[in-house]
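A short write-up of the structure that comes next.
In this chain, numbering begins with 1 at the start of the sequence shown. Below, each value reflects all heavy atoms present in this structure, side chains not excepted, and no hydrogens, waters or symmetry copies.
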Amino acid sequence: MNRLQDATSPYLLQHAGNPVDWHPWGEEAFAEARQRDVPLLISVGYSACHWCHVMAHESFEDPDTARLMNEHFVNVKVDREERPDVDAVYMSATQAMIHQGGWPMTVFATPEGHPFYCGTYFPRPQFQRLLRGVRDAWAGDRATVTEQGSKVVEALNAHTTLPTGPLPGEETLALAVRNLRESFDEERGGFGGAPKFPPSMVLEFLLRSGESEMSGRTLESMARGGMYDQLGGGFARYSVDAGWVVPHFEKMLYDNALLLRVYTHWWKASRTPLARRVALETAEWLLRELRTAEGGFASALDADSEGEEGRFYVWTPEQLREVLGDEDGDWATRLFEVRGTFEHGTSVLQLLTDPGSDDAARFDDVRARLLAARERRVRPGRDDKVVASWNGLAIAALAETGTVFDRPDLVAAARQAAELLEDVHMDGGRLLRTSRDGRAGRNAGVLEDYANLAEGLIALYGVTGETRWHRLAGSLLDTVLDRFGDGEGGFYDTADDAERLFQRPQDPTDNATPSGQYAAAGALLSYSALTGSARHREAAYAALGTVSVLATGHARFAGWGLAVARAALSGPVEVAVVGPMDDPRTRALHREALLADVPGLVVALGDGQGVPPGGPELLEGRGPVGGAPAAYVCRGFTCRMPVTTPEELRAELADRPPGR
């Protein structure tokens, strides 16, 4: 009996019709494995994963393979996005055993959950041989198998965490920049060779450090290559080549939220038109493609449509001429580099140079017609579960972008997503990781959920001045401090009352998103800057202790920690804007503060009548000057003389902090 039909995960629902007797992760599966005295087969993936779909079609939909699985194993299907803790511990085992990882992840484990054989994708003939081999080993050499599982668990639990040190100083951050330069691709941007992933957190650090060469080259190259959707906006997961030409076509919320914020910050630093265009197109793509009916943001779009990877996005010259006519079709073929860069003579669109000003209207018309034609194709599937962590990233990005580019609709979308998370994902003061169709899943939030949502809420408060968001961020961060600490300045990825796995996951390094530890450090630092809380500031500093260890040799895996450390060394700068909310002078000061290119800047907005209920202490004692709205620029709650005009505020903020 397949037990996935009631799941809230679209990935699990994709497997609800398999002939495999799937269980969701849970005690029921472990109990059955013990009762039947058979191993667990744990299959971990996610809905936008191309090779997950391939293995599903080849093996999990095949009756003969399913029969082998059902007769000899208890089969457990896990959505890694819904259960990142389960994914993390078994990925550690997989990497330890085969020195690589990826999805789908295939794990054979004892009824106690101890992994004894791990792999990733297996073609059907190889997978069937593996099933028979594990079956025979379990029946004929049980002692060796269980001993292997025990040794794996023992070795993983003996693994020590990174040593820690004090808050990184200027010398450490300079060493990190030099380390990044060693792997920087000067010709094509990015770091290292193929495949190339968007280094969002590293780019944030470089922008905060005034390193315009590496950041600008990478941001422009990504935006002009095939990894960026030149028609509809938004970024694919990564480039399979070193030149950003051919993407792996899945589109993830977390990538686009992080990149939206980075491109907005690039515009603030450079006023580059490309940065503005890409930021706004990406924001509009988020609202058009990923926004759910409840106001949250869906997790991802698949790489495949009609069974082919990238089919929705690629073009041939003939297809361009069919839509545009011969003259415009030939022009678009040259402009978008349609020269067989992908499979079967198709191409991913690139825009290596902008059309001239005389062709601007033609360019807009061609893009609009191609996008309309593409909309008639079969669309990739969408994973419409709402993940708290990634929605937190989207809230921060949309709130900031909406303010910078005077797009109140983007700020409104950020607010609506925050309202959904407050209404649906909060349960008894604790955070649930996912929801779908307005119904919360049952999985507890992990560290990144609390930290990234707090980060988003602090940004939303700074933009709107609505104290409810500041108050909720504080509640989330109190839970982080009370439930996730490791006693040595770091944080575990799961709470102290979370489900016990064979290992309590803890990884301070960045992956596709900021590590939970560095995300927590950033939110704690911002909150302390708004409140003056020594507890939160000291916790932020302690969580950054591993950055010094990674900075000199592995800076690419500590980008967000480095960015937060840069903000900490810069203050961070605190701006309190006070005055009647309906006074245009207050709004002008508030906007000027939010436009500032200052690392880790936090903004508090009040009416000048003291601290409102639930508001930040930064507003205490800050009032209008001579009856006029005023702005106070502070560090560590020590403020300069207040100013009353945007020009004066701009001058105050242009007094660059260290590193700029």
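Looking at every heavy atom in both residues, E400 comes nearest to A459 through OE2-CB, 4.3 Å. Pairing each heavy atom of L40 with each of A29, the nearest pair is CD2-O, 3.9 Å. Residues V577 and T586 share a closest heavy-atom pair of CG1-O, 3.9 Å. For the pair P580 and P629, the tightest heavy-atom approach, listed with the atom from each and the gap, is CD-CG, 4.3 Å.
Between L301 and W285 there is a side-chain heavy-atom pair separated by less than 4.5 Å. Looking at R80 and M105, their side chains never come closer than 4.5 Å, going by heavy atoms from C-beta outward. Within the 4.5 Å cutoff, no side-chain heavy atoms of L421 are placed close to those of L472. Counting heavy atoms from C-beta outward, Q14 and Y11 have side chains that approach closer than 4.5 Å. By the 4.5 Å heavy-atom criterion applied to side chains, F297 and V387 are not counted as neighbours. Looking only at side-chain heavy atoms (C-beta outward), R237 and P198 come within less than 4.5 Å of each other. The side-chain heavy atoms of D87 and V78, taken from C-beta on, include no pair separated by under 4.5 Å. Under the 4.5 Å side-chain criterion, counting only non-hydrogen atoms from C-beta, Y461 is in contact with P616.
In this structure, the side-chain hydrogen bond (donor to acceptor under 3.5 Å, both in side chains) partners of E81, at least two apart in sequence or on a different chain, are K385. Every residue two or more places apart in sequence or in another chain that forms a side-chain hydrogen bond (donor to acceptor under 3.5 Å, both in side chains) with E112 is listed here: T110. Checked against side-chain hydrogen bond (donor to acceptor under 3.5 Å, both in side chains), W560 has no partners two or more places apart in sequence or in another chain.
Here the CG-CG distance, from L260 to L393, works out to 10.5 Å after rounding to the nearest 0.5 Å. H470 contributes atom NE2, which lies 11.0 Å from atom CG of L457 (distance to the nearest 0.5 angstrom). Expressed to the nearest 0.5 Å, how far CG of L398 lies from CG of L410 amounts to 6.0 Å. For the atom pair L156 CG and H114 NE2, the distance stands at 10.5 Å (nearest 0.5 Å). Rounding to the nearest 0.5 Å places CZ of R587 at 11.5 Å from CG of L589. Atom CG of residue N75 and atom OG of residue S43 lie 9.0 Å apart, to the nearest 0.5 angstrom.
Of the possible donor and acceptor atoms, one in the side chain of R591 sits under 3.5 Å from a partner among the backbone N and O of T403. Between the D510 side chain and the S515 main chain, a donor and an acceptor come within less than 3.5 Å of each other. H425 places a side-chain N or O within 3.5 Å of a backbone atom of L432 that can act as its donor or acceptor partner. Remark: side-chain polar atoms of D437 are not paired, donor with acceptor, to backbone N or O of R439 under 3.5 angstrom. A distance-only check finds no donor-acceptor pair linking the side chain of R635 to the backbone of G571 [under 3.5 Å]. Judged by distance alone, the side chain of D255 and the main-chain N or O of S200 form no donor-acceptor pair under 3.5 Å. Without hydrogens or angle criteria, T8 side chain to S435 main chain gives no donor-acceptor distance under 3.5 Å. Judged purely by atom type and a 3.5 angstrom limit, N2 uses its side chain to pair as donor or acceptor with the backbone of H15.
Between Y254 and W390, a ring centre-to-centre spacing shorter than 6.0 Å is recorded. Centroid-to-centroid, the aromatic rings of Y632 and F637 stay 6.0 Å apart or farther.
A side-chain N or O of Y518 and one of T546 form a donor-acceptor pair less than 3.5 Å apart. Neither side chain, S533 nor E617, offers a donor N or O lying under 3.5 Å from an acceptor on the other.
Aromatic ring orientation, H536 versus Y527: tilted (interplanar angle from 30° to 60°).
Judged as a side-chain hydrogen bond (donor to acceptor under 3.5 Å, both in side chains), the pairs with a partner in residues 482-495 (not counting sequence neighbours) are, in order, D482-R535, R483-D496, D486-Q506. Applying the salt bridge (charged side-chain N to carboxylate O under 4.0 Å, His left out) test to pairs two or more places apart or on separate chains, those with a residue in residues 453-467 are R261-E455, R415-E466.
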Worksheet entry | Full working for side-chain hydrogen bond (donor to acceptor under 3.5 Å, both in side chains) between N443 and W25 | CA-CA 11 Å; N443 297 302; W25 178 270; over 6 Å; no
Item to complete: Report the C-alpha distance between E27 and R34 in whole Å, list the side-chain angles of each, state the deciding distance to 0.1 Å, and finish with yes or no for salt bridge (charged side-chain N to carboxylate O under 4.0 Å, His left out).
Response: CA-CA 11 Å; E27 173 55 30; R34 291 191 296 269; 2.4 Å; yes
Item to complete: Using the salt bridge (charged side-chain N to carboxylate O under 4.0 Å, His left out) rule, take R83 and E499 through it: C-alpha gap first, then chi angles, then the decisive distance, then the call.
Response: CA-CA 11 Å; R83 290 300 303 261; E499 178 188 353; 2.8 Å; yes
Worksheet item: Given K251 and E289, is the salt bridge (charged side-chain N to carboxylate O under 4.0 Å, His left out) satisfied, shown in steps?
Response: CA-CA 10 Å; K251 285 184 174 180; E289 302 279 356; over 6 Å; no
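A salt bridge does not link R471 with E422: none of the charged nitrogens is closer than 4.0 Å to a carboxylate oxygen.
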Would you list the atom pairs, donor with acceptor, under 3.5 Å between side chains in residues 447-454 and any protein atom, with sequence neighbours excluded?
residue : atom : partner : partner atom : Å
E448    : OE1  : T513    : OG1          : 3.4
E448    : OE2  : R433    : NH1          : 3.0
E448    : OE2  : R433    : NH2          : 3.1
D449    : OD1  : S389    : N            : 2.9
D449    : OD1  : R433    : NH1          : 2.9
D449    : OD2  : R433    : NH1          : 2.9
D449    : OD2  : V446    : N            : 2.8
Y450    : OH   : R430    : NE           : 3.1
Y450    : OH   : L431    : N            : 2.9
N452    : ND2  : S389    : OG           : 2.8
N452    : ND2  : E448    : O            : 3.4

